[in-house]
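Only one structure is covered here, and it is reproduced in the block below.
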Amino acid sequence: MKILVTAKRVIDPYSKPSLTSDGRIDDDDLDFKMNPFCEIAVEEALRIAEGADDDVEVVAVAIGSDEATKEVRTALAMGAHRGILVEMDEEELDSDLVAKMLQKIVADEAPDLVIMGKQAVDGDSNQVAQLLAEYLGWPQATFAYKVALEGDTLTVQREVDGGVETVTMSLPAVVTTDLRLNEPRYASLPGIMKAKRKPLATLDPEDDLEIDLDLKVELVDLAKPAERQAGVKVPDVDTLIDKLANEAKAI
Amino acid sequence: MSDIIVLAEQQNGKLANASRNAITAAKALAALTGGGFDIAVAGHGIGDVAGALGGYGAATVYTVDDAALAHYTAQAYAQAFSAAVEASGATFVVAAATSIGKDCTPRVAARLDAGMASDVIKIEKEGGTVLYSREIYSGNLIGRMKINTDIQVLTVRGTEFAMAEASGGASATQAVSASIEGVRMTYVGLDAVESDRPALTEASVVVSGGRGLKEPENFQKVLEPLADHFNAAIGATRAVVDAGWVPNDWQVGQTGKVVAPNLYIAMGISGAIQHLAGMKGSKTIVAINKDPEAPIFSVADYGLVADLFEAVPELTSKLKAR
């Protein structure tokens with residue numbers, strides 16, 4: 001069995017990107033890391049591999065600049081067996097292009113299961129896995145809370161509005177991870193050492209994947225959202241009630 | 001035929017309220033493009049909901065009724081909705097950014113070879129191009145996107161578009177048949193979060209708790225009595241959802257639900273950026289936290305630096321006594 005997982009490099013959401021004077025993201029002083037939902041995807045693939053009777057190969061894929069090699073190596077250090085980086089500037093991608101590239105990789109690798117983060121915490125589009133599943137004609141289980149594999153039947157409990165939904169599907173399939181699926185492991189020092197020797201292929205989107213790089217969706221401009229003004233501190237509960245009743249008229 | 005179509009969501013024959021937000025977005029888009037709008041609804045035995053949808057001012061309500069659509073699955077519904085879009089000839093497709101909208105709409109876009117903008121908060125037109133604003137980087141920035149394909153697909157954030165009210169009249173209805181095939185997934189069941197409270201995204205008051213509540217039981221002991229007083233929905237931070245204290249359905253934030261109630265009360269919440277992204281559109285924000293430096297105070301209209309285990313019961317009992 002083979003599982004493909006994604007390991008997207010994102011700006012750490014806690015490092016608050018700001019804009020340069022010409023409206024671009026100021027990437028000085030920004031920290032980067034693997035998308036947290038991708039970490040959960042890698043972890044889930046490893047748990048399936050560790051719990052399986054047969055051999056399971058876990059292949060980690062990233063699409064991004066050569067810097068994204070780090071995130072693939074992180075996935076390898078966590079325990080993935082092999083890595084693929086499609087080298088491409090982040091600005092020249094949209095969700096559809098990423099899905100099309102993954103479709104080519106899936107055609108080549110023929111995994112039984114693709115596990116991805118439900119969204120990347122930079123663009124927050126929440127599209128790629130669904131697009132990929134449709135292009136492949138595969139079933140999908142987004143927002144996974146629990147995943148159980150028996151033979152080639154996958155049972156997934158999904159986080160949906162109003163509760164947890166259960167669906168079953170036959171492999172091959174696409175799954176996206178939600179927060180409560182698992183607690184991703186940290187890469188161990190031996191894991192990090194081992195990862196340096198694991199195979200990592202670098203692909204060119206045009207030469208190797210033969211992808212047309214036209215964008216369906218383009219970013220026109222960026223702006224800071226209107227800042228909400230901080231209000232006042234109130235000394236006690238009575239003042240709070242008074243302000244809510246008489247000033248905000250909220251109660 | 002109109003140039004815009006709303007993909008309406010129904011469950012057990014009942015229209016999802018979020019679809020009424022999507023209808024408002026479609027009307028805003030129609031005002032920019034100078035066209036009208038249609039509505040599509042998919043399911044099995046959906047005559048009543050199709051009838052109700054006829055009262056919102058759409059030219060035509062397209063129905064896709066098939067036994068294969070008795071329960072929602074992404075694979076089947078994507079086929080049904082894309083068939084309806086093709087039947088209508090629409091070039092703009094609007095859906096609500098609910099869990100079903102997020103799950104299904106990209107597949108519809110893929111079938112239509114269309115570009116898609118997710119969770120749109122504003123629609124504008126500049127020089128003949130429609131621009132879609134979206135929050136990105138956990139709400140730190142707003143990006144305006146344009147879509148280059150013949151058909152443009154979007155999901156919209158409910159808090160930014162009011163819920164449409166039925167205006168009377170009756171749309172034409174047209175049944176669309178979709179030959180649904182190749183579905184390899186089956187709906188098994190829903191373990192619903194039982195609650196008499198209003199939905200988180202629709203409540204006029206939301207009371208939310210974070211790590212400062214110290215243990216899950218305190219959601220019931222400390223937070224719920226205050227929520228009961230307001231008939232409020234209960235929200236939570238990503239941290240306490242992650243810790244398994246409360247259902248995921250309660251999560252407020254960029255990766256959970258985005259809310260904009262009349263009154264938002266945050267207790268024991270420090271105010272991580274991704275939480276703020278989910279609630280900073282609230283009309284009035286109250287924060288109760290013992291740490292005066294907590295970032296939540298930077299967005300709160302009224303901040304009370306206090307031990308929540310004393311302040312919240314006092315607030316609850318004094319509100320009740322009013």
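A note on names: the letters A, B, ... follow the listed sequences, proteins ahead of strands, and every chain is numbered from 1.
Using a 4.5 Å heavy-atom threshold, the side chains of B/Leu263 and A/Leu244 count as touching. B/Lys146 places none of its side-chain heavy atoms less than 4.5 Å from the side chain of A/Val217. With contacts defined as side-chain heavy-atom distances shorter than 4.5 Å, the pair B/Asp249/A/Glu159 does not qualify. In this structure, the side chains of A/Asp122 and B/Ile136 stay at 4.5 Å or more apart for every pair of heavy atoms. Side-chain contact between A/Glu247 and B/Tyr302 is present, with at least one heavy-atom pair separated by less than 4.5 Å. Considering only heavy atoms from C-beta on, A/Pro36 comes within 4.5 Å of B/Arg238 through its side chain. A 4.5 Å side-chain heavy-atom check between B/Ile100 and A/Val160 finds every atom pair outside the cut-off. Between B/Leu276 and A/Arg228, the closest side-chain pair of non-hydrogen atoms is not below 4.5 Å.
Atom CG in A/Asp96 sits 8.5 Å away from atom OG1 in B/Thr149 (nearest 0.5 Å). Between A/Asp178 atom CG and B/Gln251 atom CD the span is 7.5 Å, to the nearest 0.5 Å. Taking OG1 of A/Thr168 as the reference point, atom CE of B/Met185 lies at 8.5 Å (rounded to 0.5 Å). A distance of 10.5 Å separates OG1 of B/Thr284 from CD1 of A/Ile251, quoted to the nearest 0.5 Å. A distance of 12.0 Å separates OH in B/Tyr137 from OG in A/Ser18, rounded to the nearest 0.5 Å. Atom NZ of B/Lys318 and atom CG of A/Asp236 lie 7.0 Å apart (nearest 0.5 Å).
The shortest heavy-atom contact between B/Asn140 and A/Pro225 is O-CD, 3.1 Å. Nearest heavy atom pair, residue A/Phe143 against residue B/Ser99, reads CE1-O, 3.6 Å. Residues A/Lys233 and B/Pro292 approach most closely at NZ-O, 3.5 Å, considering heavy atoms. The heavy-atom pair separating A/Val237 from B/Leu304 by the smallest distance is CG2-CD2, 3.9 Å.
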For B/Tyr72 and A/Glu165: C-alpha separation, side-chain torsions, deciding distance, then whether side-chain hydrogen bond (donor to acceptor under 3.5 Å, both in side chains) applies. CA-CA 10 Å; B/Tyr72 168 79; A/Glu165 181 193 83; over 6 Å; no
Test side-chain contact (heavy atoms from CB on, under 4.5 Å) on A/Gln130 and B/Arg107 and set out the steps. CA-CA 6 Å; A/Gln130 296 90 316; B/Arg107 290 190 80 127; 4.1 Å; yes
Going through the checks in order, is the side-chain contact (heavy atoms from CB on, under 4.5 Å) test met by A/Leu222 and B/Ile142? CA-CA 6 Å; A/Leu222 286 166; B/Ile142 292 176; over 6 Å; no
Please report the C-alpha distance between B/Thr255 and A/Phe37 in whole Å, then the side-chain angles of each, then the deciding distance to 0.1 Å, and finally whether the side-chain contact (heavy atoms from CB on, under 4.5 Å) criterion is met. CA-CA 10 Å; B/Thr255 61; A/Phe37 291 107; 3.5 Å; yes
What verdict does the salt bridge (charged side-chain N to carboxylate O under 4.0 Å, His left out) test give for A/Asp161 and B/Lys257, after you've listed the backbone C-alpha separation in whole Å, the side-chain angles of each residue and the deciding distance to 0.1 Å? CA-CA 9 Å; A/Asp161 295 342; B/Lys257 291 196 164 59; 3.4 Å; yes
Mind running side-chain contact (heavy atoms from CB on, under 4.5 Å) on A/Val220 and B/Glu126 for me, showing each step along the way? CA-CA 11 Å; A/Val220 175; B/Glu126 268 183 27; over 6 Å; no
Please evaluate residues A/Asp124 and B/Arg134 with respect to the criterion salt bridge (charged side-chain N to carboxylate O under 4.0 Å, His left out), reporting the C-alpha separation (whole Å), side-chain torsions for both, the decisive distance (0.1 Å), and the verdict. CA-CA 9 Å; A/Asp124 283 319; B/Arg134 307 186 48 245; over 6 Å; no
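Heavy atoms of B/Ala78 lying under 4.5 Å from chain A belong exclusively to its side chain. At a 4.5 Å heavy-atom cutoff, A/Leu154 makes no contact with chain B through either its backbone or its side chain. Using a 4.5 Å cut-off between heavy atoms, B/Leu131 contacts chain A through its side chain alone, with no backbone atom that close. The parts of A/Leu179 that come within reach of chain B are both its backbone and its side chain, each placing non-hydrogen atoms under 4.5 angstrom from that chain. For chain A, the nearby part of B/Phe230 is the side chain; its heavy atoms alone come within less than 4.5 Å. Of the two parts of B/Asp119, neither the backbone nor the side chain holds a non-hydrogen atom closer than 4.5 Å to a non-hydrogen atom of chain A. Both the backbone and the side chain of A/Pro172 come within less than 4.5 Å of a heavy atom in chain B. In this structure, the portions of B/Leu319 lying under 4.5 Å from any heavy atom of chain A include both its backbone and its side chain. Interface residue B/Gln75: only side-chain heavy atoms are found under 4.5 Å from chain A. If you measure heavy-atom distances from B/Val286 to chain A, the contacts under 4.5 Å come from the side chain alone. With a threshold of 4.5 angstrom between heavy atoms, B/Ala117 approaches chain A through N, CA, C or O but not through any side-chain atom. Neither the backbone nor the side chain of A/Tyr145 comes within contact range of chain B; no heavy atoms are under 4.5 Å apart. Only the backbone of B/Ala114 comes within contact range of chain A, judged by heavy atoms closer than 4.5 Å. Both the backbone and the side chain of B/Ile285 have a heavy atom closer than 4.5 Å to some heavy atom of chain A.
In terms of heavy-atom pairs under 4.5 Å with chain B, the best-connected choice from A/Ala226, A/Ala129, A/Ala248, A/Ala223 is A/Ala223. With chain B as partner, the option from A/Glu183, A/Gln229, A/Arg158, A/Gln157 having the largest number of non-hydrogen pairs under 4.5 angstrom is A/Arg158.
Within 6.0 Å of atom CG in B/Asn12, 12 or fewer heavy atoms from other residues, nucleotides or ligands are found, so the atom counts as exposed in its surroundings. Environment of OH in B/Tyr187: crowded, with over 12 heavy atoms of neighbouring residues, nucleotides or ligands closer than 6.0 Å. Applying the 6.0 Å contact sphere to CG of B/Asp150 captures no more than 12 heavy atoms from other residues, nucleotides or ligands. At most 12 heavy atoms of other shown residues, nucleotides or ligands fall within 6.0 angstrom of atom CD in B/Gln11. Surrounding NZ of A/Lys224 are more than 12 heavy atoms belonging to other residues, nucleotides or ligands, all under 6.0 Å away.
Judged by distance alone, the side chains of A/Tyr14 and B/Gln274 never bring a donor and an acceptor atom under 3.5 Å apart. One side chain, B/Ser118 or A/Gln127, offers a donor N or O that lies under 3.5 Å from an acceptor on the other. Between the side chains of A/Gln140 and B/Asp103, at least one donor N or O sits under 3.5 Å from an acceptor N or O.
In this structure, B/Asp242 does not pair ionically with A/Arg180, as no charged nitrogen and carboxylate oxygen lie closer than 4.0 Å. Electrostatic pairing of A/Lys216 and B/Asp113 counts as a salt bridge here, judged by a charged N lying under 4.0 Å from a carboxylate O.
For the pair B/Arg184 (side chain) and A/Met169 (backbone), a donor-acceptor distance under 3.5 Å is absent. Side-chain atoms of B/Asn148 do not come within 3.5 Å of backbone N or O of A/Glu218 as any donor-acceptor pair.
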